[in-house]
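Since the structure is predicted, the reported quantities are computational estimates derived from the model, not experimental observations. Atom set for the values below is all heavy atoms of this structure, side chains included, hydrogens, waters and symmetry mates excluded. Chain naming here is simple, since letters A, B, ... match the order of the sequence lines and numbering starts at 1 in each.
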2 protein chains.
Amino acid sequence: MTNTGGAVPEVTRGRPASTTRQDVARVALDLFARQGYDETTVDEIAVAVGISRRTFFRYYESKPDVVWGEFDAELGRLRDRLAEAPDGEPMMDVLRRSVMATNRFGAGELDELRIRMVLIGSVPTLVAHSAVRYEEWCEVVAAFAASRLGGAPDDLGPQTVARAALGAAMAAFACWARHGSDDLVEDVDRAFRLLATGFAEKRPAT
Amino acid sequence: MTNTGGAVPEVTRGRPASTTRQDVARVALDLFARQGYDETTVDEIAVAVGISRRTFFRYYESKPDVVWGEFDAELGRLRDRLAEAPDGEPMMDVLRRSVMATNRFGAGELDELRIRMVLIGSVPTLVAHSAVRYEEWCEVVAAFAASRLGGAPDDLGPQTVARAALGAAMAAFACWARHGSDDLVEDVDRAFRLLATGFAEKRPAT
DNA sequence: GCAATTTAGTGCACTGGATGCCAAAATGAA
DNA sequence: TTCATTTTGGCATCCAGTGCACTAAATTGC
């Protein structure tokens, strides 16, 4: 739980873990894909992984968390990118490019990611849980927006930017997951460009 | 459960209902405000209302639903307004005005509404549940956006409009509920205007 | 080799939301 | 009264999540 992907072996003390978060996720995701999320109980997952029900909850705080995987790490990377962006670059450009950058995945991860996103978008329990996760995402973006617009992250301006940006990202993800859009990053690009232009309609004259 | 506010008496047959949705909501909201949402069990609510736990779930499908109240009816009104809008009016203007119009509340309702919104925005269980409700909202707006932009409601364009609009509305509501902004409608107005301009920054020259 | 320590896993009891089923209560109509 | 209708209530059950005490397996230091 502490080892967040660091390559450091870190002197191993105490009883070794019998499995990994990734293993639990793989097994669970497979069950979800085959028999449905709601139709899969935590007990089943635990048995399939070869651990006890109680231990499952040591690997993941909740059942929905399994589908979200290593969201926290990605969120941290987004925060870093936003912080590193040069002040000269326009806010919406920074946002667009940063979100795109944090969502470049290798070909090997895409299939699993698609399964995750389809679940997140279609199972009510997961749709619900997603809101809590997205809230964290919004906080990161709102902090950045506040640093550009001035004011507190809780103010209307930064909040609107953050939640609208979240909307664009969600739309891109949902479209990519459902239809077989080739490129997730391209969809993100398109959504954020629409957002930055205010969805301007082709008007005859202004 | 069938009577959605219709003023029609409708010949009363069978055992009369012992209370109303509104009554249940009033009592529950009062408990939530005084001792917290998570600290209030459905059993407590049921006892306070004077019905059984089982009956509570006949009035509301779930505990979070109590906080949402008559959301369905409001959603229907938004749908109607969007449909009635003249084709000449720009999409984002229609959206802004329609959302503003569906959120004009009488002074008497505002206090309760604020309690509801603060709960929805701050209690994780409710934040989660809210996503399911907002999904319905998005569907309505996406259908409207698709009618303006062309394509299917599931396409990237309409989806981005819908989810970004939701973001603006959520930001306005959150700010109004937390800080003591005087006017909810005014906040909605500001958020949607920001959205429609693409959050353009004051740039020196283009 | 043997405690002591550290870390992971397990079993169990319990809470709380939610659902299905069936019987009881309360009403209007025949 | 009797019947159909509708709401209510009780009960059993399922499932997610949590607290607690205890066991299992490994390393460290003696």
Side-chain angles (χ1 to χ4, degrees), chain A residues 1-4 8-25 27-28 31-32 35-68 119 123-130 132, chain B residues 1-4 6 8-24 27-28 31-32 35-68 119 123-130 132:
Chain A
M1 204 188 281
T2 318
N3 193 338
T4 331
V8 189
E10 293 197 12
V11 275
T12 158
R13 290 184 36 161
R15 176 175 176 170
S18 59
T19 182
T20 63
R21 272 175 73 91
Q22 286 69 29
D23 257 3
V24 175
V27 172
L31 285 171
F32 294 160
Q35 63 188 36
Y37 177 85
D38 282 325
E39 290 68 34
T40 306
T41 67
V42 171
D43 281 295
E44 283 182 274
I45 302 171
V47 168
V49 178
I51 57 178
S52 75
R53 168 194 178 64
R54 194 65 187 76
T55 302
F56 169 90
F57 284 108
R58 287 206 209 296
Y59 280 86
Y60 288 97
E61 277 191 16
S62 70
K63 190 180 161 191
D65 274 321
V66 178
V67 183
W68 278 91
L119 284 173
V123 178
T125 319
L126 290 169
V127 171
H129 184 78
S130 71
V132 179
Chain B
M1 204 190 282
T2 317
N3 194 338
T4 330
V8 189
E10 293 196 12
V11 274
T12 157
R13 291 189 34 166
R15 176 173 175 171
S18 57
T19 181
T20 63
R21 273 175 71 91
Q22 286 69 29
D23 257 3
V24 175
V27 172
L31 285 172
F32 294 160
Q35 61 189 37
Y37 177 84
D38 282 326
E39 289 69 35
T40 306
T41 68
V42 171
D43 282 295
E44 283 181 274
I45 302 171
V47 169
V49 177
I51 58 180
S52 76
R53 165 191 182 66
R54 190 66 186 80
T55 301
F56 169 89
F57 283 108
R58 287 211 178 75
Y59 281 84
Y60 288 97
E61 278 191 15
S62 69
K63 189 180 161 192
D65 273 321
V66 178
V67 183
W68 277 91
L119 284 173
V123 178
T125 318
L126 291 169
V127 170
H129 185 79
S130 70
V132 179

Are more than 12 heavy atoms, taken from residues, nucleotides or ligands other than Glu61(A), located less than 6.0 Å from that residue's CD atom?
no

When we call it a touch if two heavy atoms are under 4.0 Å apart, what does Thr55(A) touch: a base, just sugar-phosphate, or nothing?
base

Check: Thr40(A) side chain, Gly36(A) main-chain N or O, donor-acceptor pair, under 3.5 Å:
yes

Hey, does Thr40(B) reach any base, or is it just sugar-phosphate, or nothing, if we go heavy atoms under 4.0 Å?
sugar-phosphate

Do Arg54(A) and dA8(C) share a donor-acceptor pair, side chain to base, under 3.5 Å?
no

If each of Pro64(B) and Pro16(B) is mapped to the nucleotide of DNA chain C with the nearest heavy atom, which maps nearer the 5' terminus, i.e. the 5' end?
Pro64(B)

Walking DNA chain D from its 5' end, the first of Thr19(B) and Gly14(B) to be reached, judged by nearest nucleotide, is Gly14(B)

From CD1 of Ile51(B) across to P of dA26(C) the rounded distance in Å is 16 Å

Quick one: does Arg15(A) reach the base of dA24(D) with a side-chain donor-acceptor pair under 3.5 Å?
yes

Drop me the distance from Tyr59(A)'s OH to Gln22(A)'s CD, to the nearest 0.5 angstrom.
10.5 Å

Measure from OH on Tyr60(B) to P on dT19(C) and round the result to the nearest Å.
16 Å

Choosing from dA29(C), dG9(D), dT27(D), which nucleotide comes nearest the side chain of Arg13(A)?
dT27(D)

Does Tyr60(B) use its side chain to pair, donor to acceptor, with the backbone of Arg21(B) at less than 3.5 Å?
yes

Please state whether the base of dG16(C) and the side chain of Arg53(B) form at least one donor-acceptor pair under 3.5 Å?
no

Side chain of Ser18(A) only, please: which of dT7(D), dG9(C), dG17(D) is the nearest?
dG9(C)

Could you tell me how far apart Phe56(B) (CZ) and dA18(C) (C1') are, to the nearest whole angstrom?
11 Å

Tell me whether the side-chain N or O atoms of Arg58(A) pair up with the base of dT7(C) as donor and acceptor below 3.5 Å, since no angle test is needed here.
no

